[in-house]
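The structure appears right after this line, and notes come after that.
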Amino acid sequence: MSVLLALVLTPAAAGCAAFAWSSRGGRHAILLLAAAAHLAMTAWLWWDRPAVSPQSWLGVDAAGLLFLTIASVLFSAAAVYGLGYLRDE
């Protein structure tokens with residue numbers, strides 16, 4: 001599986017897993033792990049950007065990588081900040 005596909009599927013899979021998980025602590029851990037994994041995969045793309053072929057469905061260029069990085073940092077910050085709200089759940 002390519003890193004780009006994993007970037008799309010990781011938050012989706014984490015959302016499904018958190019929906020099915022029964023304990024609060026497990027859901028909090030899933031949220032943080034998904035955010036950390038997304039940030040790590042985004043950082044990986046800065047060092048090893050795959051070539052974009054005309055037949056590919058997903059690709060990343062310089063501008064796309066910049067906005068992906070901004071979105072990933074915001075996702076991580078919202079995950080950490082959201083734990084305070086989820087604690088009162």
(request) Kindly check if the number of other-residue, nucleotide or ligand heavy atoms within 6.0 Å of CH2 (W46) is above 12? (result) yes
(message) Using every non-hydrogen atom in the two residues, find where L4 and L45 come nearest and quote the distance to one decimal.
(response) CD2-CD1, 3.7 Å
(message) Tell me whether L74 shares a hydrophobic cluster with V80, the cluster being built from Ile, Leu, Val, Met, Phe, Trp, Tyr side chains joined at under 4.5 Å.
(response) no
Enumerate donor-acceptor pairs with a distance under 3.5 Å from any side-chain N or O in residues 7-21 to protein atoms, sequence neighbours excluded.
{"from": "T10", "atom 1": "OG1", "to": "A6", "atom 2": "O", "distance (Å)": "2.6"}
{"from": "W21", "atom 1": "NE1", "to": "S23", "atom 2": "OG", "distance (Å)": "2.8"}

(request) Look at the side-chain heavy atoms of Ile, Leu, Val, Met, Phe, Trp and Tyr, link any pair under 4.5 Å apart, and say whether L32 and V73 land in one connected group. (result) no
(message) Membership question, hydrophobic clusters at under 4.5 Å side-chain separation (ILVMFWY): are L68 and I70 in the same one?
(response) no
(request) Group every Ile, Leu, Val, Met, Phe, Trp and Tyr by side-chain heavy-atom contacts under 4.5 Å, then state whether V3 and V60 land in the same group. (result) yes
(message) How long is the straight-line distance from CZ of F75 back to CG of L31, given to the nearest 0.5 Å?
(response) 6.0 Å
(request) Provide the closest heavy-atom pair for A35 versus S76 in the form atom of the first, atom of the second, distance. (result) O-OG, 3.4 Å
